Protein chains: 2
Amino acid sequence: MLSDRQQLILNAIVDNYIHSAEPVGSRTISKREGIGFSSATIRNEMSDLEELGYLEQPHTSAGRVPSTKGYRFYVDNLIQPHLLDDGELGKLKQLFAERILHSEQVVEYTAQILSQLTNYTAVVLGPEIFEHRLKHIQIVPLNEQQAVAIVVTHTGRVENKLIDLPEGIGSGEIERLVNLLNSRLADVPLWQLRQRLYQEISGEMRRHAEQYEEMLRVLDQSLTQEEDRVYLRGATKIMNQPEFRDVDKVKDILELLEQNDQLLHLFGMPADGLRVRIGQENQLDAIKQCSIITTSYSLGGKPVGMVGILGPTRMEYGRVITVLNYLAEGLSRMLTSQFEK
Amino acid sequence: MLSDRQQLILNAIVDNYIHSAEPVGSRTISKREGIGFSSATIRNEMSDLEELGYLEQPHTSAGRVPSTKGYRFYVDNLIQPHLLDDGELGKLKQLFAERILHSEQVVEYTAQILSQLTNYTAVVLGPEIFEHRLKHIQIVPLNEQQAVAIVVTHTGRVENKLIDLPEGIGSGEIERLVNLLNSRLADVPLWQLRQRLYQEISGEMRRHAEQYEEMLRVLDQSLTQEEDRVYLRGATKIMNQPEFRDVDKVKDILELLEQNDQLLHLFGMPADGLRVRIGQENQLDAIKQCSIITTSYSLGGKPVGMVGILGPTRMEYGRVITVLNYLAEGLSRMLTSQFEK
DNA sequence: ATTTAGCACTCGCTAGCATGGAGTGCTAAC
DNA sequence: GTTAGCACTCCATGCTAGCGAGTGCTAAAT
């Protein structure tokens, strides 16, 4: 375990490096407020910290830079709560003040504001809607062969999909089907829909089994359009960082961000709650010099979506975590209130 | 006007520069197939072409590079039709073979393929739907105050919007309203909808004027969500170009591409048909070293959307134009057939 | 009159070298 | 245990020389 003084020095080094982006030397630290030691003492401690793996030296006779392990210790033990100023708080509060908006739109704005406020790349995953309850099903025939199937949830979310109509089905039959489905399946949570659909159609409607199959497939698909849930904002912010003045590095990262499925993978949730992945801890080579911070927002205590930040390892962890927590809480509150209606 | 030989040489220089990205010297040209002159002769011609403004010299004792005026002449007079190979044609044909897809999805894939095939950034604007005819209107109440308004067009496009319900309106009334609207407004093109809505409600329903106002506003808005029509793919491709190895240049461009409204402005249509904007011809500083090629696709002869490419001024104009034309034609055909159903 | 060979000249690019400065590591003194 | 002092390392910067690609001009060739 690190001594108090080692922690003090490590903290100072990380703080300094986060803001200067330059390797920090012993003299810089010894001059800092709250550090009462000479540069020589600091040098000795730095040497120890390097040996322990918390610091790295780009080359002999350069200052020290935190290693992944160093950042990890900083994030886990040293980080201090960051207070938001009035301007920041104002922006955040405003976001949740809008009343007539689909939850998807709020999520989109969240990504926007998150990126603006932190100056890093923001990724937000829209809420999974399995908990949403069915409000209305509609099938609108377009011609003899095709129709649009529409599902409305009680939160006002609308999903639609083009479907093939079974041969020879009449508009009357479609209407009967829709009425049946609406009367039997109203208020059923979407995740139960599939199962319930099978139950309900066991009776009189059995003879049209194939068309229900089609319906099932459509509903299934319209509820699992995961890719559309990814909102990415401020992808170019990474270029503001001095350590990313190299096109090749930036290119790898931006190419990654262009792929929705990769984003879903990077920011998708195994864990709920705050999660910080620092530099080398990331699997993908392209972002081994980046950190990803994510946290989940929830609906009735159950995590349904994610807000996250991608930035350089040299990131303002304290600030970002504060903002993320604030937004996740806000989204959770908003979703929950929308749900109780 | 340029002499035949000057045109021949200009053509050779542009072709060479497009592929090498290096200033081209007189010897390079004199060695080319089909050019029977010594480097000294070429040098004299180059000197003339520079004086006329078609070429530029990065510095004395460097080769020549086409100026904007040079590219312009090349595009307008020298470009030769480019033939697509089997692999490219296959990809293109496959795109339009899918049957059960919303036109929006086809447009999205178009952007993808366009970028893949050209290795430049692709922008496609989804079709304006003012010509689409109304198939179905639905209002689904969520609670006492809110409802979702849904508009389905005869092409299967679905638009929806959360709306506030007028105080004290009953579900019976809503149903009557929806039935009325559907019976009176079916098959009306969306651009007439607003006007027709006013006509139809003149009679018995007049007393609920405010709620129709609300409806009107909603329909209006849901039909003018222009920003959502922009599909951008391959934004990072610009980084493959040797002249964009500088983060600052790339940053300006990518920041521009992040803004949907700017894209709409850059690729939006004043003109129908092919349009090439080369380098300095562009208004925005960020893309003064880029070229934008756009063409429109249409529905029944009337342009409704755009496909476009953004690349370096040193772009493979011939190839890009061929691919763009092919895709625009394909989209037009697809839309038109979808419309006739 | 046009084309071409020849040659001096220009200019960017690279390698090599000296210099300065920031920072370390070690040692000896406090 | 802490600190002052000092030699040492290594990067960054600036300078210079040499190289090479390419030009522009002139004079000779067609």
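No experiment lies behind these values; they were computed from the predicted model shown. Chain naming here is simple, since letters A, B, ... match the order of the sequence lines and numbering starts at 1 in each.
Taking the side chain to side chain donor-acceptor pair (under 3.5 Å) definition, one finds that B:Asn119 meets it with B:Lys237, sequence neighbours left out. Partners of B:Arg27 under the salt bridge (charged side-chain N to carboxylate O under 4.0 Å, His left out) rule, at least two apart in sequence or in another chain, do not exist in this structure. For B:Glu56, the salt bridge (charged side-chain N to carboxylate O under 4.0 Å, His left out) criterion is met by no residue, not counting sequence neighbours. Remark: A:Arg5 pairs with A:Glu45 by the salt bridge (charged side-chain N to carboxylate O under 4.0 Å, His left out) rule, at least two apart or across chains. For A:Glu329, there are no salt bridge (charged side-chain N to carboxylate O under 4.0 Å, His left out) partners at least two apart in sequence or on another chain.
When each of A:Val123, A:Leu256, A:Leu125 is checked for a side-chain contact (heavy atoms from CB on, under 4.5 Å) with A:Leu263, only A:Val123 meets the rule.
The two residues B:Ala122 and B:Ala111 come nearest to each other via the heavy atoms CB-O, 3.4 Å. Taking each heavy atom of B:Cys290 and B:Asn282 in turn, the nearest pair found is O-ND2, 3.1 Å.
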In sequence, state the C-alpha distance, the side-chain angles, and the governing distance for A:Gln259 and A:Leu264, and then conclude on side chain to side chain contact (heavy atoms under 4.5 Å, CB included).
CA-CA 9 Å; A:Gln259 298 166 262; A:Leu264 214 50; over 6 Å; no
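A:Met315 places a side-chain heavy atom less than 4.5 Å from the side chain of A:Val320. Under the 4.5 Å side-chain criterion, counting only non-hydrogen atoms from C-beta, B:Val323 is in contact with B:Leu84. The shortest side-chain heavy-atom distance between A:Val65 and A:Gln57 does not fall under the 4.5 Å cut-off.
Interface residues of residues 42-64 of chain A facing DNA chain C, ordered by number: A:Arg43, A:Met46, A:Gln57, A:Ser61, A:Ala62, A:Gly63, A:Arg64; criterion, heavy-atom separation under 4.0 Å. Taken residue by residue, residues 8-39 of chain A places heavy atoms nearer than 4.0 Å to DNA chain C at A:Gly25, A:Ser26.
For residues 239-267 of chain A, there are no ring-ring contact (aromatic ring centres under 6.0 Å, His included) pairs, not counting sequence neighbours.
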N/O donor-acceptor pairs under 3.5 Å from side chains in residues 68-75 of chain B, not counting sequence neighbours:
unit_1	atom_1	unit_2	atom_2	d
B:Lys69	NZ	B:Leu52	O	2.9
B:Arg72	NE	B:Glu281	OE2	3.0
B:Arg72	NH1	B:Asp76	OD1	3.3
B:Arg72	NH2	B:Val276	O	2.7
B:Arg72	NH2	B:Glu281	OE1	2.6
B:Arg72	NH2	B:Glu281	OE2	3.3
B:Tyr74	OH	B:Asp15	OD1	2.8

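Stems are defined here as 3 or more consecutive Watson-Crick or G-U wobble pairs with pairing distances under 3.5 Å; those involving DNA chain C are C:1-30 with D:1-30.
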Filtered N/O pairs between nucleotides 15-17 of chain D and protein, under 3.5 Å:
none

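A 4.0 Å heavy-atom criterion places the boundary nucleotides of DNA chain C facing chain B at C:dT3 to C:dG12, written 5' to 3'.
Taking 4.0 Å as the cut-off between side-chain N and carboxylate O, A:Asp248 and B:Arg245 count as a salt-bridged pair.
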